[in-house]
Amino acid sequence: MTTRRDAVHDTLRGSSGFRSAQDVYAEMRLHGAKIGLTTVYRALQALADGGKVDVLRTDDGESVYRACATDSHHHHLVCRKCGQTVEVAGPAVERWAEMVGSEHGFTEITHTVEVFGTCSSCSTPSRTA
């Protein structure tokens, strides 16, 4: 990896959740990094292409990034309130994707799956009087 790509990756590894490119850029600049927003975007894309970071699309279409906790293929369970994310395996999803691709004559099947919900911390029932 390049030095700037390493710096972007380090910033994400120090974060607990998904971050936008603008958030990463702002944090890096705050800590004195001399890096442009375009360079941050390019580094994030390269890291995503290399499987080093996870990418999600928010409801408004923005891409957000997070350093992968594992090197193996995985999916995400994401709290739509606080953003807490859990990496999960999905063997049934893997089999289904291969089967659907095969049924339609496709090869080299890839996919992404994100499941959104509300985590237990955010779903505490509100009390009514």
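Hydrogens, waters and symmetry mates play no part in the numbers below; they use all other heavy atoms, side chains included.
For the atom pair Tyr65 OH and Thr11 OG1, the distance stands at 14.5 Å (nearest 0.5 Å). In this structure, NZ in Lys34 is found 12.5 Å from CE in Met28, a value given to the nearest 0.5 Å. Note that CG of Leu44 and CZ of Arg42 are 12.5 Å apart. Values are rounded to the nearest 0.5 Å. The structure places CD1 of Ile109 at 10.0 Å from NE2 of His104, a figure rounded to the nearest 0.5 Å. In this structure, Ser15 OG and Arg13 CZ are separated by 11.0 Å, a value rounded to the nearest 0.5 Å. Here the NZ atom belonging to Lys81 is positioned 7.5 Å from the OG atom belonging to Ser123, to the nearest 0.5 angstrom.
No side-chain donor-acceptor contact under 3.5 Å links Arg5 and His9. At a cut-off of 3.5 Å, with distance as the only test, a side-chain donor of Asp23 or Ser20 sits close to an acceptor on the other residue.
What you find for Cys119 and Cys79 is that their closest heavy atoms are N-SG, 3.3 Å. Annotation for Arg57 and Ser63: closest pair NH1-OG, 2.9 Å, computed over non-hydrogen atoms.
Evaluation of the side-chain contact (heavy atoms from CB on, under 4.5 Å) rule for Val113 yields His75, Val93, His111, Val115 as partners, not counting sequence neighbours. Under the salt bridge (Lys or Arg N to Asp or Glu O under 4.0 Å) criterion, Glu27 pairs with Arg19, not counting sequence neighbours.
The residues Glu114 and Arg80 are annotated as not salt-bridged, no charged nitrogen and carboxylate oxygen being separated by less than 4.0 angstrom.
Hydrophobic cluster membership differs between Phe18 and Leu77, with clusters built from Ile, Leu, Val, Met, Phe, Trp and Tyr side chains linked at under 4.5 angstrom. Grouping the Ile, Leu, Val, Met, Phe, Trp and Tyr side chains by contacts below 4.5 angstrom, directly or via other members, places Val53 apart from Leu56. Tyr25 is connected to Leu12 through a chain of hydrophobic side-chain contacts under 4.5 Å among Ile, Leu, Val, Met, Phe, Trp and Tyr, so both are in one cluster. In this structure, Val78 is a member of the same hydrophobic cluster as Val64, with clusters built from ILVMFWY side-chain heavy atoms closer than 4.5 Å. Leu37 and Ile35 fall within the same hydrophobic cluster, defined by Ile, Leu, Val, Met, Phe, Trp and Tyr side-chain heavy atoms under 4.5 Å apart, directly or through other members.
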Q.
Checking Tyr41 against Gln22 for the side-chain hydrogen bond (donor to acceptor under 3.5 Å, both in side chains) test, could you report, in this order, the C-alpha distance in whole Å, the side-chain angles of both residues, the deciding distance, and whether it holds?
A. CA-CA 9 Å; Tyr41 273 107; Gln22 292 87 356; 2.6 Å; yes
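With hydrogens and angles disregarded, a donor-acceptor distance shorter than 3.5 Å links the side chain of Thr58 to the backbone of Glu62.
Here the side chains of Thr85 and Arg66 are in contact, with some heavy-atom distance below 4.5 Å.
In this structure, Phe106 places its CZ atom where only 12 or fewer heavy-atom neighbours from other residues, nucleotides or ligands lie under 6.0 Å away.
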